[in-house]
Every structure is written in C-alpha cells, then in structure tokens.
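Below, chain A is the first sequence line, B the second, and so on; all start at residue 1.
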2 protein chains.
Amino acid sequence: MVKLRRSRVEPPPEVCPLGECMSLISGAWSPHVIWYLRDGPRRFGELRADIKGVSAKVLTARLRQLERDGVVIRREVASSPPTVEYALSELGAELRPAIAAIVDVGHRLKRRN
Amino acid sequence: MVKLRRSRVEPPPEVCPLGECMSLISGAWSPHVIWYLRDGPRRFGELRADIKGVSAKVLTARLRQLERDGVVIRREVASSPPTVEYALSELGAELRPAIAAIVDVGHRLKRRN
DNA sequence: TAATCACGTTACCCGCAGGTAACCGGAGGT
DNA sequence: ACCTCCGGTTACCTGCGGGTAACGTGATTA
C-alpha cells in the first residue's frame with residue numbers, strides 16, 4: 001500500500017482578505033440591506049418593509065454597524081415626520097457585485113428546488 | 001380570489017434567494033473552506049493548516065454542515081493512517097464565483113488601506 | 001513497549017446576534 | 001383631546017457558533 005502523505009494539489013496562495021470582507025457583510029441581515037440599497041437611497045421604513053422578518057432593533061443595529069464600517073451613509077431628512085435615508089457609500093457600491101453573485105446562486109438554488 | 005375585508009392577509013412564504021444562499025455560506029469559516037477547495041480536493045489536515053486559526057472541532061462541524069447542505073463531498077481514502085479528502089460538489093462549484101467576488105472586494109479593501 | 005499520526009469526538013464555557021415587547025417624541029390629522 | 005406615523009431605544013431572554021482541552025481509534029514506526 002502506497003502511503004499518501006502529501007496531497008498532489010499544491011496549497012493555494014495564501015490570501016485572507018476573505019475575512020476582512022466577510023466582516024463587512026457578516027450577520028444575517030447586512031447583505032439584505034446592501035441588496036435593497038443597490039438602486040439608490042431608501043428610508044428606514046422602506047428597508048424594514050423590504051427585508052421581510054427583520055425587527056426594528058436589529059435593522060437599526062445593522063445599519064449602525066454598516067455606517068461605522070463606511071458601507072452605508074445615513075442622512076436625516078427634515079420632513080414631517082422626520083425621515084431618515086440610507087444610501088450605499090462608494091465602498092458599499094463595491095460590495096454590490098459580491099452580493100449580486102450570492103443572489104445569483106440563490107436563484108439557481110430555487111430553480112433547482 | 002376572495003378579498004378579506006378586515007383581517008390582514010399573511011404574505012406568501014416567498015423564499016428569499018439571498019437568505020437561501022447565505023445560509024450555505026454563513027458562519028465564520030464556511031467561505032474559507034469553499035475558497036481553499038476551489039482548485040481541487042484537499043485533506044482535512046491541509047484545510048486545517050490552510051485556514052489559520054480554525055480549531056479541529058469547528059472545522060469538522062463546518063465540513064459536516066457543508067456536506068449535509070450538498071456543498072462539499074467527503075471521501076475517505078484507505079491509506080495509512082486513513083485520510084479524508086474533501087472536494088466541492090457541483091453546487092459548491094457554483095458558489096465559487098460568489099466567494100471570489102467577496103475575496104476581490106477584500107483585495108481592494110487591503111489596497112485602499 | 002511506547003510514541004506518533006490523521007481525523008476526529010466530547011465536555012464545558014462564553015459572547016453576541018437576534019427575537020419579543022414595551023415605550024418615546026414631535027408633528028399632523030380628525 | 002386623541003390617534004397615527006416614523007425612526008428609533010431599552011430591557012430581557014435564547015440559541016448557536018466558536019474557543020480550549022482532553023480523549024479515542026487504528027495503524028505505523030522507533
């Protein structure tokens with residue numbers, strides 16, 4: 001019996017920006033926020049309605065974190081009642097294709113049942 | 001279609017493609033596993049070394065979950081000592097571009113400081 | 001005989017994301 | 001006078017992913 005001590009496949013080059021980027025979209029809801037902001041700014045209540053099943057508390061927490069991380073930009077609108085608008089920053093826009101790729105796979109999963 | 005006058009109609013259980021796909025790559029380590037399997041099968045110990053900072057217990061748990069979800073395929077090799085090889089399934093291969101997109105953003109993050 | 005290796009398992013603990021529910025504050029509507 | 005709307009906040013609880021450490025198995029090696 002031939003010993004198989006080393007794999008034939010050489011280890012891929014060491015890169016770990018994966019963790020860096022994953023920390024931006026970690027959490028169950030962050031990708032949804034980015035996805036629903038992809039076409040332009042949206043208000044808190046709109047995001048709340050867009051993202052089914054999210055609670056106000058968690059949505060607030062995710063938006064705050066995304067704002068701290070420089071992914072989204074928060075803008076208060078002096079209307080009555082006052083509303084708040086969220087939009088993707090330049091960094092957030094760069095995340096869009098990544099989220100789109102994930103959504104794309106999700107669609108194929110659905111089609112396949 | 002009958003219109004209900006007073007009670008709120010429950011929205012149809014529309015499956016969110018984003019949530020579906022995110023459930024596959026959720027967790028801190030799942031994307032890393034997929035990423036390091038992108039070029040071919042790898043052994044448990046190799047993955048353990050590739051993915052710095054992961055413990056055996058957690059790596060086992062992630063691999064088991066990915067196997068249950070049909071993302072990776074586990075194959076025991078009758079060597080001495082017996083080794084185990086993991087590879088991406090067809091579904092796992094479809095996830096590759098999504099992970100690659102995330103890694104790509106990570107690269108840009110690093111470059112931008 | 002004893003140690004090592006590969007691939008785990010089990011026990012125990014911890015932190016945090018997320019869920020529910022209640023509440024708030026100013027302005028407009030009725 | 002009261003209710004509604006919008007965008008939150010706060011308190012409390014729960015579950016799960018993850019960390020360390022110790023142990024198991026079966027076969028080879030010193």
Side-chain angles (χ1 to χ4, degrees), chain A residues 1-9 11 16 18-19 22-34 36-37 41-69 71-87, chain B residues 8 10 16 18-19 22-34 36-37 41-69 71-87:
Chain A
M1 180 91 52
V2 180
K3 296 176 199 170
L4 185 58
R5 300 215 139 243
R6 303 287 310 173
S7 165
R8 307 166 299 276
V9 182
C16 219
L18 186 47
M22 281 305 287
S23 74
L24 292 182
I25 62 177
S26 67
W29 300 115
S30 299
H32 293 260
V33 172
I34 298 169
Y36 282 109
L37 289 179
R42 278 181 88 62
R43 294 179 1 209
F44 182 86
E46 291 177 320
L47 286 174
R48 192 146 142 64
D50 288 339
I51 307 171
K52 290 153 194 66
V54 74
S55 68
K57 172 199 149 184
V58 170
L59 182 55
T60 301
R62 292 301 101 214
L63 286 167
R64 291 278 184 275
Q65 181 200 291
L66 289 169
E67 193 189 2
R68 276 197 310 275
D69 291 344
V71 174
V72 307
I73 294 168
R74 184 181 189 273
R75 190 168 70 93
E76 299 190 5
V77 180
S79 60
S80 174
T83 60
V84 185
E85 245 186 25
Y86 293 92
Chain B
R8 262 176 284 170
E10 282 300 313
C16 172
L18 186 48
M22 281 305 288
S23 74
L24 293 181
I25 63 178
S26 67
W29 301 114
S30 299
H32 293 260
V33 171
I34 298 169
Y36 282 108
L37 288 180
R42 277 181 90 60
R43 295 177 0 206
F44 182 87
E46 291 175 322
L47 286 174
R48 191 147 142 64
D50 290 338
I51 308 172
K52 286 152 196 65
V54 74
S55 66
K57 171 199 150 186
V58 169
L59 182 54
T60 301
R62 293 299 101 212
L63 286 167
R64 291 276 184 277
Q65 181 199 292
L66 289 169
E67 193 190 0
R68 276 198 309 275
D69 292 343
V71 174
V72 307
I73 294 168
R74 184 181 190 273
R75 191 168 70 92
E76 298 189 5
V77 180
S79 61
S80 171
T83 60
V84 186
E85 244 186 25
Y86 295 91

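When rounded to the nearest whole Å, the span between CD of E76(A) and P of dG8(D) equals 7 Å. Atom pair E67(B):CD and dG8(C):C1' shows a separation of 13 Å (rounding to whole Å applied). Rounded to whole Å, the distance from CZ on R43(B) to P on dG8(C) is 12 Å. Spacing between atom NZ of K52(A) and atom P of dG19(C) amounts to 15 Å, rounded to whole angstrom units. Distance CZ (R64(B)) to C1' (dG17(D)): 17 Å, rounded to an integer number of Å. Here the P atom of nucleotide dG17(D) and the CZ atom of R62(B) are 5 Å apart, to the nearest Å. Distance, R48(B) CZ to dG18(D) C1': 14 Å, rounded to whole Å. Taking atom NZ of K57(A) as the reference point, atom C1' of dA17(C) lies 8 Å away to the nearest angstrom.
Within the model, atoms CZ of R62(A) and CD of E67(A) stand 13.0 Å from one another, a figure rounded to the nearest 0.5 Å. For the atom pair D69(B) CG and I25(B) CD1, the distance stands at 11.5 Å (nearest 0.5 Å).
The shortest distance between side-chain heavy atoms of L63(B) and F44(B) falls below 4.5 Å. Between L47(B) and V54(B) there is no side-chain heavy-atom pair separated by less than 4.5 Å.
Distances shorter than 4.0 Å separate some side-chain N or O of Y86(B) from OP1 or OP2 on dG8(C).
Among the atoms of the strands shown, only primed sugar atoms or phosphate atoms (P, OP1, OP2) are found under 4.0 Å from some heavy atom of A28(A).
A residue-by-residue look at P82(A) and G53(A) shows that G53(A) has its nearest nucleotide of DNA chain C further toward the 5' end. Comparing E46(A) and G27(B) along DNA chain D, the residue whose closest nucleotide (by nearest heavy atom) sits nearer the 5' end is E46(A).
In this structure, the nucleotide among dC6(D), dG8(D), dG8(C) sitting nearest to the side chain of A56(A) is dG8(D). The side chain of S55(B) sits closest to dT20(D) out of dC6(D), dT20(D), dG8(C). The listed nucleotides are dG8(D), dG8(C), dC7(C); the one nearest the side chain of R74(A) is dG8(D). The V58(A) side chain lies nearest to dG18(C) when the options are dG26(C), dG18(C), dG8(C). When the nucleotides dG7(D), dG8(C), dA6(C) are ranked by their closest atom to the side chain of V84(A), dG7(D) comes out on top. Among the nucleotides dG18(C), dG8(C), dC6(D), the one closest to any side-chain atom of F44(B) is dG8(C). In the set dG8(D), dC7(C), dT9(C), the nucleotide with an atom closest to the side chain of T60(A) is dG8(D).
Residue L24(A) comes nearest to Q65(A) through the heavy atom pair O-NE2, 4.2 Å, listed as atom of the first residue, atom of the second, then distance.
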